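As the structure lists them, so they are numbered: ligands from 1, and atoms in each ligand from 1. Treat the numbers as computed from the prediction; the structure is a model and nothing was measured.
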Amino acid sequence: MPAGFEHIELVGDKVRLRPIRASDAVDAYRLLTDDAVLANLAWDGPASEAEIADTYARWETEFRAGEHCALAIELADKPGMVGCINARFPRHPRQADIGYWLGVPHWNQGCMTEAVRLVCYLSFKHLDAARAYATVFTRNMASRKVLEKNGFSVDGTLRHHVFKRGEFVDSWFLTLLRPEWETGWEWFSPRLENIVFARGK
Ligand SMILES: CC(C)(COP(=O)(O)OP(=O)(O)OC[C@H]1O[C@@H](n2cnc3c(N)ncnc32)[C@H](O)[C@@H]1OP(=O)(O)O)[C@@H](O)C(=O)NCCC(=O)NCCS
C-alpha cells in the first residue's frame, strides 16, 4: 500500500468507482435502510444518517492515509452513490479484504461483478496485492457468484462466523491469489482510470 491517496477514479462499462465522501450519507442511508441489503451484511447498518456521515468522514481520513480504499459505486452514466465497495489492508499490506453492497434497484445487472473486477485491478495492478479475499454468508449465492465470476474460489467455510439477528451464520472464505489474477484478468483495463497517490510520501 502507498503512504496515501489523493484520488481514485475507475470507470467500467457499467459503474464508476470514486472515493466515498461524508456527503454520500444521504444516498447511502436511503439504500441501506432496505432490509434486503442489510440481511447479508455482517454489519447491522447505521442507526441514523448522521452515524453514516461520521463513518464516511472517518473513511475519507483513512483513504488519505492510504489505509483503506473506501469507494462509492455510481452508475457509469449517472452521478450519485448506488453502492459501496471497500478494499482494506488490515493484517498485511499485500492482503486486500474486499467488502461491498449495492442498492436493490441495481441488482442483477452485472454492476457488482464489474465493481469487484475494478477493485481487483486496483489491488493487483497498482497496490501490489498478493491476495484478495472476502467472506460471504453461505446463504448469499449472488455474492459468491460475483466473486467466482472474477476468479475467486472458495477456500472453505467459517462455521458460526458471525452472530447476526440472534443466530450464528456460517460464511464462505473466498480468495484470489496474484498468479490467478495474472493468468485470468491481467488483460482487463478500465475504460478510464485516474489514481493519484499522495505527493511527497
Ligand atoms: C450480492 C450483491 C453484491 C450482488 O450484486 P449484483 O450487482 O446484483 O451482482 P451481479 O449482477 O454482478 O451478479 C449476480 C449474480 O448472481 C446471480 N444471482 C442473483 N441472485 C441469486 C440467487 N438467489 N442464487 C443464485 N444466483 C443468484 C445473478 O444471476 C448473477 O449471476 P449471472 O451473471 O451468472 O446471471 C447485491 O445483491 C447486494 O449488495 N446484496 C446485499 C449486500 C450483500 O450481500 N453484500 C455482499 C456481502 S458478502
Checklist entry - Is atom NZ of Lys125 surrounded by more than 12 heavy atoms (other residues, nucleotides or ligands) closer than 6.0 Å? => result no
Next on the checklist: Counting neighbours of CZ on Arg165 that are heavy atoms of other residues, nucleotides or ligands and sit closer than 6.0 Å, is the number greater than 12?
Outcome noted: yes
Measure the distance from [atom] to every protein heavy atom, then report the residue, atom name and distance (to 0.1 Å) of the closest one.
atom: atom 42 (C) of ligand 1; result: Val37 O, 3.5 Å
atom: atom 9 (O) of ligand 1; result: Val146 CG2, 3.4 Å
atom: atom 18 (N) of ligand 1; result: Ala142 CB, 3.7 Å
atom: atom 40 (N) of ligand 1; result: Trp107 CZ2, 3.3 Å
atom: atom 46 (C) of ligand 1; result: Tyr100 O, 3.3 Å

Let me check something: do [X] and [Y] share a hydrophobic cluster, defined by ILVMFWY side-chain heavy atoms less than 4.5 Å apart, either directly or through other members?
X: Leu174; Y: Val169; answer: no
X: Tyr56; Y: Trp43; answer: yes
X: Phe152; Y: Phe173; answer: no

Checking the N or O distance criterion of under 3.5 Å, is ligand 1 in contact with [X]?
X: Leu102; value: yes
X: His106; value: no
X: Ser143; value: no

Item to check | Residue selection (non-hydrogen contact nearest atom 19 (C) of ligand 1) among Val15, Asn108, Val104 | outcome: Asn108
Checklist entry - atom 26 (N) of ligand 1: which of Lys14, Lys145, Glu148 has the nearest heavy atom? => result Lys145
Where ligand 1 meets [X] - atom numbers and elements under 4.0 angstrom, heavy-atom basis:
X: Met141; result: 24 (N), 25 (C)
X: Gly110; result: 10 (P), 11 (O), 12 (O)
X: Asn40; result: 44 (O), 47 (C)
X: Asn140; result: 43 (C), 44 (O), 46 (C), 47 (C)

Checklist entry - Considering only heavy atoms from C-beta outward, does the side chain of Phe63 approach that of Leu71 to under 4.5 Å? => result yes
Checklist entry - With side chains defined as the heavy atoms from C-beta onward, is the minimum distance between Asp27 and Arg30 less than 4.5 Å? => result yes
For ligand 1, the portion of [X] having any non-hydrogen atom under 4.0 Å away:
X: Phe137; result: neither
X: Thr113; result: both
X: Met112; result: both

Next on the checklist: Strictly inside 4.0 angstrom of atom 37 (O) of ligand 1, do you find any protein heavy atom?
Outcome noted: yes
Checklist entry - Does the protein put a heavy atom less than 4.0 Å from atom 3 (C) of ligand 1? => result yes
Checklist entry - Minimum heavy-atom separation for His126 to Ile195, with atom names? => result CD2-CD1, 3.3 Å
Checklist entry - Which atom names give the shortest non-hydrogen contact between Cys69 and Leu127, and what distance separates them? => result SG-CD1, 4.1 Å
Return the [atom1] to [atom2] distance between [X] and [Y], rounded to the nearest 0.5 Å.
X: Trp181; Y: Arg117; atom1: CH2; atom2: CZ; answer: 12.0 Å
X: Ile52; Y: Leu32; atom1: CD1; atom2: CG; answer: 4.5 Å
X: Arg64; Y: Trp59; atom1: CZ; atom2: CH2; answer: 15.0 Å

Next on the checklist: Hydrogens and angles aside, do Asn86 and His68 bring a side-chain donor and acceptor to less than 3.5 Å of each other?
Outcome noted: yes
Checklist entry - Does Thr135 have a heavy atom less than 4.0 Å from any atom of ligand 1? => result yes
Checklist entry - Of all the heavy atoms in Lys149, does at least one lie under 4.0 Å from an atom in ligand 1? => result yes
